[in-house]
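One structure is given here, and the rest of the page talks about it.
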Amino acid sequence: MPELPEVEAIRRRLARQITGRRIRAAHVLRAGTVEARPVGFARLVTGRTIEEVERRGKNLLIGLSGNYTLRVHLRMTGELLAGEDAREAFEAEEPVKSVRVWFELGGGCELVFKDFRGLGRISAATCSEMEQALAPLGPEPLGRRFREDDFVAQARRSRQPAKLFLMDQTHVAGLGNIYVAEALFHAGIDPRRPMQTVSAPRLRSLHSAIRTVLRKAVRSATLLYKRPGTYRQSDVFGRRVYGREGEPCRVCGREVRRIPQGGRSTYFCPHCQR
DNA sequence: AGTCACCTGATT
DNA sequence: AATCAGGTGACT
């Protein structure tokens, strides 16, 4: 489900709920979800205190005492819920099918990783191991290290179609199918066009479009996550092209098209994006 | 660079 | 029965 803005919204909510709490126990209900043997995983995290909740790209990073980090990647349908949210999630499901990992925290608080498709992943490692694992990720698009010249230079070297270039987390971290489509529309770039052939001015406008689109989405996702679960990203954000196949482009009125790229759907306006 | 597998469910 | 779904990594 989530791309950077949703993960950021989840992070903010979670930080308030679980920071400072101790992990009293961890239960792995589906072995495939953790990247370790379940017992080993539980042993690694139990007894540690949650010091912070951070985000890198689409990864949630839960900083634990003793220089440990818990990494949660929600993939398509993962949810990480704490406190009230966790309790509700548990109670709403009888029998419990989609809860994959369950943590008992101090003060009777719970932390639940739910994921009906089971593609999400959780891992635990020392901080330095985790840094290594995350090293391939490109810069945070909303951070200072996402520099326009670097982005343009990298783009000019790539023959990848624009859509695939942006989906590749090593160039920029945190974009997914929706926000790539929206950013490319904003910048007026055809998603099929090899990055190399996009003009420098357009690449600069893409750099800025990525930030604008994401900033706006973070704001809206953060507001909507006051009630997690009820949230459907597609209802929310003022999408220009994503999911609008056959509907009129909001700028030129022509039909928005959908094409397959990299095994997934790309939405764009062939008139506005060249 | 492209395709597929990983899972489950909703929709056509 | 087939296709689609906001992601990623492992294959050819």
Side-chain angles (χ1 to χ4, degrees), chain A residues 1-11 29-35 55-60 71-80 92-93 95-101 113-123 132-138 141 157-185 191-197 210 213-214 216-218 220-222 224-225 228-246 257-268:
Chain A
M1 286 167 101
E3 301 178 37
L4 183 151
E6 295 73 44
V7 178
E8 176 60 18
I10 292 164
R11 183 196 71 75
L29 277 43
R30 296 288 183 91
T33 296
V34 297
E35 289 172 358
R55 180 191 56 72
R56 183 76 175 88
K58 300 169 195 169
N59 296 276
L60 283 164
R71 171 200 198 181
V72 178
H73 199 302
L74 305 169
R75 295 278 178 97
M76 300 283 264
T77 53
E79 295 174 77
L80 194 58
E93 205 182 39
V96 173
K97 281 172 69 180
S98 65
V99 173
R100 310 280 163 168
V101 181
F113 178 68
K114 243 184 105 165
D115 186 359
F116 88 88
R117 281 175 73 179
L119 301 176
R121 290 292 177 267
I122 300 185
S123 61
Q132 291 227 331
L134 298 172
L137 289 181
R157 271 184 264 124
S158 170
R159 279 179 289 277
Q160 272 186 306
K163 152 83 176 268
L164 271 36
F165 180 89
L166 295 181
M167 292 291 283
D168 183 338
Q169 303 293 298
T170 68
H171 300 312
V172 189
L175 291 168
N177 216 20
I178 295 182
Y179 297 112
V180 164
E182 297 299 321
L184 286 173
F185 177 80
R192 298 165 295 187
R193 177 179 285 279
M195 263 327 228
Q196 260 187 349
T197 71
I210 289 168
V213 163
L214 290 180
K216 193 170 142 210
V218 168
S220 108
T222 302
L224 281 151
Y225 259 89
T230 59
Y231 174 85
R232 282 253 150 191
Q233 168 165 20
S234 27
D235 304 335
V236 176
F237 170 68
R239 287 166 296 124
R240 295 283 187 282
V241 284
Y242 184 84
R244 299 192 63 245
E245 182 184 19
R257 289 226 292 140
R258 177 167 71 92
I259 57 165
Q261 262 190 314
R264 323 206 26 218
S265 292
T266 294
Y267 299 87
F268 70 114

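Sequence lines set the chain letters: A, B, ... in the order given, protein chains first and strands last, and positions in each chain run from 1. What you are looking at is a predicted structure, and each value in this text was computed from that prediction instead of being measured. Both backbone and side-chain heavy atoms feed into the values below; hydrogens, waters and symmetry mates do not.
What separates CD1 of Ile122(A) from P of dG7(C) is a distance of 18 Å, to the nearest Å. The distance between atom CZ of Arg258(A) and atom C1' of dC4(C), rounded to the nearest whole Å, is 7 Å. In this structure, CD of Glu245(A) is placed 11 Å from C1' of dC4(C), rounded to the nearest angstrom. The separation between Met195(A) atom CE and dA1(B) atom P is 13 Å, rounded to whole Å. Atom NZ of Lys163(A) and atom P of dA1(B) are 15 Å apart (whole Å). As rounded to whole Å, 12 Å separates atom C1' of dC4(C) from atom CG of Asn177(A).
Taking atom C1' on both nucleotides, dG9(B) is separated from dG9(C) by 23 Å, rounded to a whole Å. Nucleotides dT3(C) and dA5(B), compared at atom P, are 14 Å apart to the nearest Å. Distance check on atom P: dA2(C) versus dC4(B) gives 15 Å, rounded to whole Å. To the nearest whole angstrom, the two P atoms, one in dC11(C) and one in dC7(B), are 15 Å apart.
Pairing of dC7(B), defined by two Watson-Crick or G-U wobble distances under 3.5 Å, is not identified with any nucleotide.
Contact annotation: the side chain of Pro161(A) never approaches that of Arg193(A) to less than 4.5 Å [non-hydrogen atoms, C-beta and beyond]. For the pair Tyr179(A) and Ile210(A), the minimum side-chain heavy-atom distance is 4.5 Å or more. Ile10(A) places a side-chain heavy atom less than 4.5 Å from the side chain of Leu74(A). Here the side chains of His171(A) and Gln160(A) are in contact, with some heavy-atom distance below 4.5 Å. Inter-residue side-chain proximity for Leu60(A) and Val7(A) is flagged as met; some heavy-atom pair is nearer than 4.5 Å.
Within the nucleic acid shown, Ser265(A) comes within 4.0 Å of sugar-phosphate atoms alone, with no base atom in reach, counting heavy atoms only.
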Protein proximity profile, nucleotides 7-12 of chain B - base contact B, sugar-phosphate-only contact S, no contact -, cut-off 4.0 Å on heavy atoms = BBS---

Check nucleotides 8-12 of chain C for protein N or O atoms closer than 3.5 Å to its own N or O atoms and list the pairs.
unit_1: dT8(C); atom_1: OP1; unit_2: His73(A); atom_2: NE2; d: 2.8
unit_1: dT8(C); atom_1: OP2; unit_2: Lys58(A); atom_2: NZ; d: 2.7

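A donor atom on one side chain and an acceptor atom on the other are found under 3.5 Å apart for Ser265(A) and Arg258(A).
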request  = List the steps, then state whether side-chain hydrogen bond (donor to acceptor under 3.5 Å, both in side chains) holds for Glu93(A) with Ser98(A).
outcome  = CA-CA 8 Å; Glu93(A) 205 182 39; Ser98(A) 65; 2.7 Å; yes

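The distance from the CD atom of Glu8(A) to the NZ atom of Lys58(A) is 14.5 Å, given to the nearest 0.5 Å.
Within a 6.0 Å sphere centred on CD of Glu245(A), heavy atoms belonging to other residues, nucleotides or ligands number more than 12.
Proximity of Tyr267(A) to the phosphate of dA5(C): a side-chain N or O atom is located under 4.0 Å from OP1 or OP2.
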